[in-house]
Undergrad: 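Okay, here's the structure, questions in a sec.
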Protein chains: 2
Amino acid sequence: MAANPSAPAHPPSAAHDASARELIAARGGRVTRTRVAVLEVLRASHQPLNHDQICSALEGAGEHHDRVTLYRALDWLVEQDIATRVAGSDRAWKFELVRHHGHRHAHFHCQRCGRVLCLEEVEPALCGALPSGFSLAQAELVLHGACADCNAPEAGTEHQACL
Amino acid sequence: MAANPSAPAHPPSAAHDASARELIAARGGRVTRTRVAVLEVLRASHQPLNHDQICSALEGAGEHHDRVTLYRALDWLVEQDIATRVAGSDRAWKFELVRHHGHRHAHFHCQRCGRVLCLEEVEPALCGALPSGFSLAQAELVLHGACADCNAPEAGTEHQACL
DNA sequence: GCACAAATGCTACAATGTTGCACAAATGGC
DNA sequence: GCCATTTGTGCAACATTGTAGCATTTGTGC
Ligand SMILES: [Mn+2]
Ligand SMILES: [Mn+2]
Ligand SMILES: [Zn+2]
Ligand SMILES: [Zn+2]
């Protein structure tokens, strides 16, 4: 870490970091190391991440965060509608930022590489009507199949579990 | 149990039991106590059941089955395409019989009573196209909201977790 | 800086599955 | 019906994912 006090401590993610702090403070929460770090990780990812992936990402960046604290930070982000939970194929929740408010998109679970990707262009829809008396709060659509990478004939690269 | 050898041992579920045994044998599996019992429970239920609910149902009928054996029986049924796994809202799998082969229906998760119901009339659909290169094996649609029972104004009955 | 509420970091514990392995039981051929 | 073979079972131990309780620390407003 550069100790130069006249320059911003972290060059490119500074703006991100700033707005992460603002976002947290705006919700009336305390700006803590873990909340900021988790928010940064989620912001940097274009796919939903589970607790373990987030933990590894932080650990990889040399930051250690307590397991329980991480769970609690994620719970708080979901409570505040900053993030959402996505049901995974294994039985671990995945988390992603709510990027465009109110926008619901489908997810794709690749049965080959195991990744879960956001299909920003695909919205859940129902073919048939809800039985009377039922009220709908939210529709969750998960497609299972093979992703483009795994379908590509030029094998060689094993797209296995690439974060 | 009536010991009369000229009459079927179990009056109403005999047909069920018979075809459960046949179904299992037809897949080349051994007809065991647990597989038959689990199949009967699934057949009798009109909603997906998790491991614990199945275990309770059996226990309630005076039958004890080992936890692990139950898991393995369920795994086998899924492998054989006799049953399917349905992702639950908690992190336990639910299981249901494949009743009409190839028929995919949506599920409804009531956020009030916690039940997961089959919406046999509703099929998953996508609004928007799959990105090129992707191939789809199966679509899974889960609707979240309040079921008819929970929406009914005549409260009194707490529809909580009724099997 | 101080006070105080809000978060953290432990340690335990709960829920849901999975693995390995010795033993039992279902099946098919006699 | 009996035996041999193969398939499942039952148990104990372990793995993963998440929660609860509680003493200690930290962020915030003054
Ligand atoms: Mn997404
Ligand atoms: Mn169903
Ligand atoms: Zn893939
Ligand atoms: Zn309900």
Side-chain angles (χ1 to χ4, degrees), chain A residues 17-18 20-39 48-59 63-80 82-95 114 116 161, chain B residues 5 17-18 20-40 48-59 63-80 82-95 114 116 161:
Chain A
D17 185 78
R21 308 181 79 92
E22 283 163 22
L23 189 52
I24 293 168
R27 297 299 208 287
R30 291 188 175 175
V31 179
T32 66
R33 196 175 74 96
T34 301
R35 283 179 184 167
V36 174
V38 168
L39 202 36
L49 300 177
N50 64 26
H51 171 272
D52 197 51
Q53 293 172 310
I54 294 169
C55 197
S56 303
L58 294 172
E59 217 71 45
E63 289 193 64
H64 174 74
H65 294 260
D66 182 69
R67 224 169 62 83
V68 176
T69 304
L70 227 50
Y71 277 116
R72 290 198 270 228
L74 286 165
D75 286 348
W76 185 83
L77 291 174
V78 170
E79 248 172 48
Q80 302 300 318
I82 294 173
T84 54
R85 252 182 271 266
V86 176
S89 47
D90 45 5
R91 111 202 73 78
W93 290 111
K94 290 179 183 290
F95 297 85
V116 173
Chain B
D17 185 79
R21 308 181 80 93
E22 282 162 22
L23 189 51
I24 293 167
R27 296 302 208 283
R30 290 189 177 175
V31 179
T32 66
R33 197 174 73 97
T34 302
R35 283 180 185 168
V36 173
V38 168
L39 203 36
E40 289 298 322
L49 302 177
N50 65 26
H51 171 272
D52 197 51
Q53 292 170 310
I54 294 169
C55 196
S56 304
L58 293 172
E59 217 72 44
E63 289 193 63
H64 173 73
H65 293 261
D66 182 70
R67 224 168 62 83
V68 177
T69 303
L70 228 51
Y71 278 116
R72 290 198 269 227
L74 287 165
D75 286 348
W76 186 82
L77 291 174
V78 170
E79 248 172 48
Q80 302 300 316
I82 294 173
T84 53
R85 251 181 271 265
V86 176
S89 47
D90 44 5
R91 114 201 68 78
W93 290 111
K94 291 180 183 290
F95 297 86
V116 172

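Quick note on labels: first sequence line is chain A, next is B, and so on, each numbered from 1. Every value quoted in this text rests on a predicted model; they were computed, and no experiment measured them.
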Undergrad: Can you measure Gln53(A) atom CD to dG18(D) atom C1' for me and round it to whole angstrom units?
TA: 16 Å

Undergrad: Taking all non-hydrogen atoms of both residues, which atom of Lys94(B) and which atom of Gly88(B) are closest, and how far apart?
TA: CE-CA, 4.4 Å

Undergrad: What are the two closest heavy atoms between Ile82(A) and Leu39(A), and how far apart are they?
TA: CG2-CD1, 3.7 Å

Undergrad: Report yes if some heavy atom in the side chain of Arg27(A) is under 4.5 Å from a heavy atom in the side chain of Leu23(A); otherwise report no.
TA: yes

Undergrad: May I ask you to say whether Arg85(A) pairs ionically with Asp75(A), meaning some side-chain N is under 4.0 Å from a carboxylate O?
TA: yes

Undergrad: With a 4.5 Å heavy-atom cut-off, do Leu77(B) and Arg35(B) have their side chains touching?
TA: no

Undergrad: Can you work out whether Lys94(A) or Thr34(B) has the more 5'-proximal nearest nucleotide on DNA chain D?
TA: Thr34(B)

Undergrad: Heavy atoms of chain B, cut-off under 4.0 Å: which first and last nucleotide of DNA chain C, 5' to 3', fall inside that, if you could look?
TA: dT16(C) to dT27(C)

Undergrad: Working to the nearest 0.5 angstrom, can you tell me the gap between His64(B) NE2 and Leu70(B) CG?
TA: 9.5 Å

Undergrad: Could you run through nucleotides 24-30 of chain D and give me one letter per nucleotide, 5' to 3': B if any protein heavy atom sits under 4.0 Å from the base, S if only the sugar-phosphate is that close, - if neither?
TA: --BBS--

Undergrad: Tell which nucleotide pairs with dT28(D), taking only Watson-Crick or G-U wobble pairs whose two distances are both under 3.5 angstrom.
TA: dA3(C)

Undergrad: Which atom pair, heavy atoms only, marks the closest approach of Arg33(A) to Glu63(A)?
TA: NH1-OE1, 3.7 Å

Undergrad: What is the distance, rounded to the nearest whole Å, between atom CH2 of Trp93(A) and atom C1' of dT17(D)?
TA: 12 Å

Undergrad: Nearest 0.5 Å, please: how far is CZ in Arg21(B) from CZ in Arg30(B)?
TA: 14.0 Å

Undergrad: Can you measure Leu49(A) atom CG to dT17(D) atom C1' for me and round it to whole angstrom units?
TA: 16 Å

Undergrad: Do Asn50(B) and Gln53(B) touch side chain to side chain, with heavy atoms closer than 4.5 Å?
TA: yes

Undergrad: Looking only at heavy atoms, what is the nearest atom pair of His51(B) and Arg67(B), with distance?
TA: NE2-O, 3.5 Å

Undergrad: Of the residues in residues 65-76 of chain A, which ones touch DNA chain D at a heavy-atom distance under 4.0 Å?
TA: Arg67(A), Val68(A), Tyr71(A), Arg72(A)

Undergrad: Starting from P on dG18(D), measure out to CG on Asn50(A) and report it in whole angstrom.
TA: 8 Å

Undergrad: Check Val38(B), Thr32(B), Thr34(B), Leu74(B) against Thr69(B) for a side-chain contact (heavy atoms from CB on, under 4.5 Å) and give me the one that passes.
TA: Thr34(B)

